[in-house]
Amino acid sequence: MADTIRLTTAQAIVKFLDNQYVSMDGVETKFVEGFFTIFGHGIAVGLGEALDTNPGDLRVMQGRNEQGMCHSAIAFAKQNNRKSIIACASSIGPGAANMVTACATATVNNIPLLVFPSDTFASRQPDPVLQQLEQSNSLATTTNDAFKPVCKYWDRVCRPEQVMTALINAMRVLTDPAETGACCIALPQDVEGESYDYPEYFFKKRVHRITRPVAVDEELEDLAEVLSQAKKPLVIVGGGVKYSEAGETVENFCEEFHIPFGESQAGKSACKSSHPYCLGGIGVTGTLASNVIAKDADVVLAIGSRLSDFTTSSKHLFQNENVKFLTINNNRYHAYKMDAVKAVGDAKVTLEALAAKLRERKYVSSYSGEIEAAKKAWDEEWDRLAGIAYTGEDFEPIVKARDPRTIPEFVKLTDGKITQTAALAAINKTIDKDATIITAGGSLPSCMQRMWRTDKRGGYHAEYGYSCMGYEVAATLGVKFAEPDNEVYCVVGDSSFQMLHSEIMTIMQERQKVNILIFDNCGFGCINNLEMNNGIGSLATEFRYTDGKKPTGDLIPVDYAKIGEGYGLKTYTCKTIPELVAALEDAKKQNIACLFDLKVIPKTMTDGYESWWNVGIATTSVKESVREACEDVMAGRRESRQY
């Protein structure tokens with residue numbers, strides 16, 4: 001008989017997680033850093049007791065909002081290239097439900113996130129227990145069933161011994177590069193505290209190997225045969241390049257075979273922005289350089305990309321009627337997209353194997369100056385965007401569709417004279433080269449994908465798979481945990497900041513120096529653009545007082561610096577670019593978290609470059625403006641691939 005140790009279910013969870021490791025390319029890393037938790041009655045005396053009595057080497061951190069703490073954990077795992085995680089635990093009911101959105105964010109982005117929501121009593125003796133969701137059609141249904149569609153693995157531990165297979169299967173998914181995402185293990189409150197004689201071998205050190213499977217030779221031959229016939233190929237760098245740590249491999253591949261590359265949001269900063277074949281972001285929020293080259297490409301090789309609508313411009317971007325698609329992806333589901341000729345395997349070793357086959361064929365593309373011309377045109381446009389300044393009452397913003405009241409009213413109300421594109425350029429030039437910048441929802445990721453330049457691998461941290469507003473502030477904490485020696489910044493719109501900034505308190509509690517840059521333009525700027533560019537009025541997307549039926553009154557000013565002051569942050573209010581630059585320089589000298597309240601003129605974000613986006617526009621409307629916009633959408637649909 002194996003030796004046993006008597007532990008509660010919760011104690012077994014803690015002991016097991018403290019001894020999990022991953023190994024990639026021979027480098028071993030402790031996999032679980034610790035726990036974020038918000039203790040409620042469903043978890044305080046079960047898992048809480050275990051973490052209080054013997055947490056081992058696990059850190060215990062106090063979240064403020066369950067979604068927020070999960071966002072911090074996602075950012076930590078993402079910035080660690082998925083080789084280290086922070087588990088998250090919540091109480092029953094509303095605390096658990098708050099983690100559902102974060103689990104979806106993790107799963108969409110293929111980021112490992114392990115959550116332990118408390119559950120109802122397995123015995124059902126106290127039903128309905130406090131915060132229990134009751135369904136008359138099944139007493140087995142609880143709030144935690146909501147995690148099933150957003151998680152890669154879901155389990156409910158109804159007996160102490162079940163936790164062994166639950167945890168092992170969670171590790172299987174969390175450490176699988178092709179299938180990783182959110183994993184949920186629901187913990188009935190009584191089971192958390194129940195004891196069992198666990199075999200000691202369950203708690204032995206486990207090293208989960210993150211391997212590099214290369215695509216089979218037949219698939220490599222398929223790719224090489226198509227690509228070797230291409231005259232104007234294009235590479236799309238997806239997030240899989242970053243997690244495979246294949247950025248340099250992609251650069252060498254593109255340089256050897258004279259192939260330009262564009263970047264998805266997840267893939268940006270896997271490669272260096274200064275590389276001569278880097279065209280920048282691609283798709284709906286892409287650069288002029290990427291999108292012009294993409295239109296004529298005859299072969300598109302997507303490496304580690306989900307090929308989302310923003311990357312492909314809703315499958316409209318590639319207009320060469322004979323264009324062929326190739327994919328390298330470790331996930332077979334993603335590899336099949338766009339009717340691609342696929343190679344299923346790790347990005348780095350599969351690309352190296354493909355390079356060998358192209359070398360045998362003595363392949364090189366037929367570009368003759370188009371790449372350099374496209375990059376030159378974009379550099380000139382970048383300089384124009386960086387130099388846009390408010391000129392007074394005659395000022396014309398980039399985005400033309402607007403409420404004529406907004407800009408004069410905003411300037412009078414806030415005295416803000418910063419344009420969004422000039423602000424991003426100034427930030428890019430001023431902060432340290434080894435800093436990391438974070439972005440997620442709103443118009444800022446659009447501008448950032450186009451304008452941000454960094455040669456730091458992993459220096460651009462975007463959550464755009466789920467585009468979850470409210471991610472940014474919490475993410476600064478996770479990234480700072482991952483990179484304690486580097487400056488960490490987030491750019492966050494005022495609307496996203498309003499949605500979720502609760503983890504500021506955890507940032508202060510953990511004594512972490514992060515930098516939060518709030519772009520205050522009094523509204524949901526990008527959605528206001530979407531409305532008005534499609535013939536709809538400015539409805540409920542600007543922060544205006546209500547007239548009793550709609551929010552169409554005066555703009556509502558907010559002093560975000562005072563919010564930061566209330567938490568103890570060092571704060572700056574910036575109304576001009578020189579004030580912003582001075583604040584950024586001063587913040588480098590601070591040893592506490594800093595918050596910047598930028599008063600940014602509405603409608604000064606970037607607009608589209610040779611791109612299109614399919615939206616669900618009304619096909620019947622009394623408004624002529626909507627009917628005209630609908631005709632444009634229908635024309636775009638006719639010009640796009642069907643699947």
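The figures here come from the full heavy-atom set of this structure, side chains too, leaving out hydrogens, waters and symmetry mates.
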Could you give the distance from [atom1] ([X]) to [atom2] ([Y]), rounded to the nearest 0.5 Å?
{"X": "Asp346", "Y": "Glu245", "atom1": "CG", "atom2": "CD", "value": "10.0 Å"}
{"X": "Arg306", "Y": "Thr312", "atom1": "CZ", "atom2": "OG1", "value": "11.0 Å"}
{"X": "Thr143", "Y": "Asp145", "atom1": "OG1", "atom2": "CG", "value": "8.5 Å"}
{"X": "Trp612", "Y": "Arg637", "atom1": "CH2", "atom2": "CZ", "value": "6.5 Å"}
{"X": "Met61", "Y": "Phe36", "atom1": "CE", "atom2": "CZ", "value": "4.5 Å"}
{"X": "Thr107", "Y": "Leu113", "atom1": "OG1", "atom2": "CG", "value": "8.0 Å"}

For the side chain of [X] and the backbone of [Y], is there at least one donor-acceptor N/O pair under 3.5 Å apart?
{"X": "Gln229", "Y": "Ala224", "answer": "no"}
{"X": "Ser305", "Y": "Ala302", "answer": "no"}
{"X": "Thr180", "Y": "Leu174", "answer": "yes"}
{"X": "Asn428", "Y": "Arg453", "answer": "yes"}
{"X": "Lys268", "Y": "Val237", "answer": "no"}
{"X": "Arg156", "Y": "Asn144", "answer": "no"}
{"X": "Asn80", "Y": "Ala482", "answer": "no"}
{"X": "Ser313", "Y": "Lys315", "answer": "no"}
{"X": "Asn169", "Y": "Thr165", "answer": "yes"}
{"X": "Glu483", "Y": "Val479", "answer": "no"}

Tell me whether [X] is salt-bridged to [Y], with the criterion being a basic N under 4.0 Å from an acidic carboxylate O.
{"X": "Glu263", "Y": "Arg450", "value": "no"}
{"X": "Glu463", "Y": "Lys78", "value": "no"}
{"X": "Lys433", "Y": "Glu487", "value": "no"}
{"X": "Lys357", "Y": "Glu352", "value": "no"}
{"X": "Glu381", "Y": "Lys376", "value": "no"}
{"X": "Lys30", "Y": "Asp18", "value": "yes"}

Closest approach of [X] to [Y] (non-hydrogen atoms, all atoms of both residues):
{"X": "Gly465", "Y": "Asn109", "result": "N-OD1, 3.4 Å"}
{"X": "Ser467", "Y": "Ala440", "result": "OG-O, 4.0 Å"}
{"X": "Leu167", "Y": "Ile13", "result": "CD1-CA, 4.0 Å"}
{"X": "Thr287", "Y": "Tyr609", "result": "C-CB, 4.2 Å"}
{"X": "Ala474", "Y": "His71", "result": "CB-CB, 3.7 Å"}

Give the ring-plane orientation class for [X] versus [Y], where under 30° counts as parallel, over 60° as perpendicular and anything between as tilted.
{"X": "Tyr471", "Y": "His461", "value": "parallel"}
{"X": "Phe203", "Y": "Tyr198", "value": "perpendicular"}
{"X": "Phe76", "Y": "Phe481", "value": "perpendicular"}
{"X": "His208", "Y": "Phe31", "value": "tilted"}

Measure from NZ or CZ of Arg641 to the centre of the six-membered ring of Tyr643 and say whether it is under 6.0 Å with the direction within 45° of the ring axis.
yes
Geometric cation-pi criterion Lys295 and Phe318, 6.0 Å radius, 45° cone
no
What's the verdict on salt bridge (charged side-chain N to carboxylate O under 4.0 Å, His left out) for Glu179 and Arg332, showing C-alpha distance, side-chain angles and the deciding distance?
CA-CA 10 Å; Glu179 292 296 337; Arg332 188 169 292 274; over 6 Å; no
Under 3.5 Å, is there a donor on one side chain and an acceptor on the other for [X] and [Y]?
{"X": "Thr436", "Y": "Lys456", "value": "yes"}
{"X": "Gln449", "Y": "Thr285", "value": "yes"}
{"X": "Glu610", "Y": "Asn291", "value": "no"}

Counting only heavy atoms not in [X] (residues, nucleotides, ligands), do more than 12 fall under 6.0 Å from its [atom1]?
{"X": "Lys152", "atom1": "NZ", "result": "yes"}
{"X": "Arg209", "atom1": "CZ", "result": "no"}
{"X": "Lys272", "atom1": "NZ", "result": "no"}

4.5 Å side-chain heavy-atom contact, Thr327 and Leu307
yes
With sequence neighbours excluded, what pairs up with Asp25 under the side chain to side chain donor-acceptor pair (under 3.5 Å) test?
Arg212
